[in-house]
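Take a look at the structure below.
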Amino acid sequence: MSKNRITPRSEDFAAWYQDVIAQADMAEPAEVVKGCMVIKPHGYAVWEKIQAALDKRFKATGHKNAYFPMLIPESFLKREAEHVEGFSPELAVVTIAGGEELEERYVLRPTSETIIGHFFAKWIQSWRDLPLLINQWANVIRWEKRTRLFLRTTEFLWQEGHTAHATEEEARQEARRMLEVYADVAENVMGMPVVKGLKTRTEKFAGAEKSYSIEAMMQNGLALQAGTSHELGQNFGRAFDVKFQNQAGQLDYVWQTSWGVSTRLIGGLIMTHSDDKGLVLPPNLTPLQAVVIPIYRKDTDREAIVNRAHQAAAALHNAGVTVEVDDREGFTPGNKFFHWEQRGIPVTVELGPRDLEQGVVVVKRRDTGGKEAVAQDSAGGYVTGLLERMQGEMFARARQRLKDNTVVANSFEEVREILEPVSAERGGGKFVMAHLKDDPATDAKIKALKATVRCIPLTDEYDGPGKCIVTVETVPQRVVIAKAY
RNA sequence: CGGGGCGUAGCGCAGCCUGGUAGCGCGUCUGCCUUGGGCGCAGAAGGCCGGCGGUUCGAAUCCGCCCGCCCCGACCA
């Protein structure tokens, strides 16, 4: 059956997620390459929108794009002890090239701190060379045991920012600034509310001093780490001998940061807004905001209506709306409605003989399904206003869901009771706010519940200090505990 | 990497247990009819039955190995 091939969320959330991606024609498993995906045009167009929103903000904060090799000498990874330990299990290594066994093997980059560290050492001599603010758009390879389209694939697309600074304070500000950029894009462009926080020592990036993340909540209540920003301290500076002479004439190692978001964001986007009919894209992120669908009964109507549809599209375009006319022949209007609905286009504009007579168009919004007849003359203004309202309302609904599913717990037993029944397929996930010490031993206790400490929020919206639910020591604030992707 | 499921036409699946001419729905193509939520009727095309090997007169079907996908675990953006 070609009808209704999307499994309802209530039946099996994980199956629903796969179905939405397939029906929206966003991506498919690479089939012949383990764990990899083919990002199809509609999925890639969404990535390009994410890229554009981020890139604009990176440039506005003084960063420049550059590109480094994807092959990294294996020895580079080993220079930072914690880094190699963290990444070794998931490396893919090139051992033969040009028909000969390589003297030194190359790893396919899992992340670029090491090779960029090597070049930073060449580029930086003086405090005048700092700060150095670089971003790279690239693909990376991490050999994960288990993959899911967009959320965790063997190869994925991302950006990685790498910066070097003269002082620890400046590096800290940079890491925090970029976390804010990520939160801005997540919330105001993607309409996906996030919690900004600090990772625990256990969860931080391998080789970092501190890691920050933005954590989003999916419709099943599971957490998704949507972006990370790290203070690397002088760890990579020491490992790669990135030294500079400061204004007092003394040599010092640079203070570095790195930060990244990936195609995983697309997975987050899908699981934030989409419904049982398919993908739902927020107006600020969609490659196409509106589609005009001409409806005609006889061939004699056809020309007049298609012409009028193009006029309507031109009016929308002039009002600043990204719009297309679906004037494909051989498809019924019903067919076209479903086509665009599954692909998440925010607004469809229907134009048939009845509307032509009455001088109106019928505007339908994807998120709520609401329909409204609007005078043709005022359609441009109406749709721009509608798109703006939709963006706001989609974010508000997602934020309300996050709020409704965030709960307070005051004992380990409570946390267990809340999170034990939660699963990706059944849903029921919560963000559980509890006092917990930042200590590998307490993290391990949470892990036994198949949950993790997602972050220690940067702004405490709860009751300040309290007793750790594991160690009973007093800790400064509650942390977010959840099951996660 | 352990446990489970699956791989047959572009897509979704049946057939396999009990070996004997490869089927159904959707889509595609042609024609007619239609077009306000996946129109209808008639006709047609389309297959290394995931791969390799074995058993057999004969394998989609039985056996072994391999590959891939999905789900559940352990590990992670």
Examine A/F205 together with A/H230 and report whether their ring centres are nearer than 6.0 Å.
yes

Run the ring-centre check on A/H63 versus A/W259 and record whether the distance is less than 6.0 Å.
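Yes, the ring centres sit under 6.0 Å apart.
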
Using the [atom1] atoms only, state how far [M] lies from [N], rounded to an integer number of Å.
N	M	atom1	answer
B/rG27	B/rA9	C1'	11 Å
B/rU61	B/rU18	P	14 Å
B/rG7	B/rA60	C1'	12 Å
B/rC70	B/rG31	P	41 Å
B/rG19	B/rC11	C1'	29 Å
B/rC52	B/rC67	P	15 Å
B/rA14	B/rA74	C1'	37 Å
B/rC39	B/rU28	P	10 Å

B/rA77 base stacked by A/W158? Criteria: ring centres under 5.5 Å, plane angle under 30°.
no

Name the pairing partner of [N], where a pair is Watson-Crick or G-U wobble with both distances under 3.5 Å, or state none.
N	answer
B/rG40	B/rC32
B/rA45	none
B/rC6	B/rG68
B/rG53	B/rC63
B/rG73	B/rC1
B/rA14	none

Nearest-neighbour nucleotide for the [X] side chain, [options] considered:
X	options	answer
A/T332	B/rC39, B/rU35, B/rG36	B/rC39
A/E144	B/rA77, B/rC39, B/rG36	B/rA77
A/K145	B/rC75, B/rG36, B/rG38	B/rC75
A/F338	B/rA77, B/rG38, B/rG36	B/rG38

Name the nucleic acid region contacted by [X], choosing base, sugar-phosphate or nothing; use a 4.0 angstrom heavy-atom cut-off, strictly under.
X	value
A/V261	nothing
A/T348	nothing
A/P110	nothing
A/E350	base
A/K450	sugar-phosphate

Between A/N220 and A/A424, is there a donor-acceptor pair closer than 3.5 Å when you use the side chain of the first and the backbone of the second?
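A pair under 3.5 Å: yes.
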
Okay, side chain of A/R9, backbone of A/S274: is any donor-acceptor separation there less than 3.5 Å?
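Side chain of A/R9 to backbone of A/S274, a donor-acceptor pair under 3.5 Å: yes, one is there.
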
Proximity to RNA chain B (any heavy atom under 4.0 Å), residues of residues 174-188 of chain A only:
none

So which protein nitrogen or oxygen atoms get under 3.5 Å of nucleotides 69-71 of chain B's nitrogens or oxygens?
| from | atom 1 | to | atom 2 | distance (Å) |
| --- | --- | --- | --- | --- |
| B/rC69 | OP1 | A/G35 | N | 2.8 |
| B/rC71 | OP1 | A/Q18 | NE2 | 3.2 |

For atom [atom1] of [X] and atom [atom2] of [N], their distance in whole Å:
X	N	atom1	atom2	value
A/I266	B/rA77	CD1	P	18 Å
A/H339	B/rG38	NE2	C1'	13 Å
A/K336	B/rU34	NZ	C1'	14 Å
A/F337	B/rC39	CZ	P	11 Å
A/L108	B/rA77	CG	P	19 Å
A/I295	B/rC39	CD1	P	13 Å
A/I6	B/rG38	CD1	C1'	13 Å
A/R328	B/rG38	CZ	P	15 Å

Go through the steps for A/D326 and A/R328 under the test salt bridge (charged side-chain N to carboxylate O under 4.0 Å, His left out), then give the verdict.
CA-CA 6 Å; A/D326 188 352; A/R328 291 175 298 165; 2.7 Å; yes

Would you indicate whether A/F68, at its atom CZ, is surrounded by more than 12 heavy atoms from other residues, nucleotides or ligands within a distance under 6.0 Å?
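Above 12, so yes.
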
Is it the case that atom CD in A/E85 sees more than 12 heavy atoms from other parts of the structure closer than 6.0 Å?
no

According to the interplanar angle, ranging from 0 to 90°, do the rings of A/H83 and A/F236 count as parallel (below 30°), tilted (30 to 60°) or perpendicular (above 60°)?
perpendicular

Ignoring hydrogens and angles, write down the donor-acceptor pairs under 3.5 Å from the side chains of residues 350-363 of chain A, residues two or more places apart or on other chains.
| from | atom 1 | to | atom 2 | distance (Å) |
| --- | --- | --- | --- | --- |
| A/D355 | OD2 | A/G352 | N | 2.8 |

Test the A/K196-A/Y212 pair against the cation-pi criterion, namely NZ or CZ under 6.0 angstrom from the six-membered ring centroid and within 45° of the ring axis.
no

A/F76 six-ring centre to A/R79 NZ/CZ under 6.0 Å and within 45° of normal:
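The answer is yes, since A/R79 meets both limits relative to A/F76.
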
Which residue lies more 5' along RNA chain B, comparing A/G352 with A/T154 via nearest heavy atoms:
A/G352

Please compare A/T263 and A/N335 by the position of their nearest nucleotide in RNA chain B and report the one closer to 5'.
A/N335

Could you go through the salt bridge (charged side-chain N to carboxylate O under 4.0 Å, His left out) check for A/R302 and A/E329 one step at a time?
CA-CA 10 Å; A/R302 195 182 155 269; A/E329 290 187 51; 2.9 Å; yes

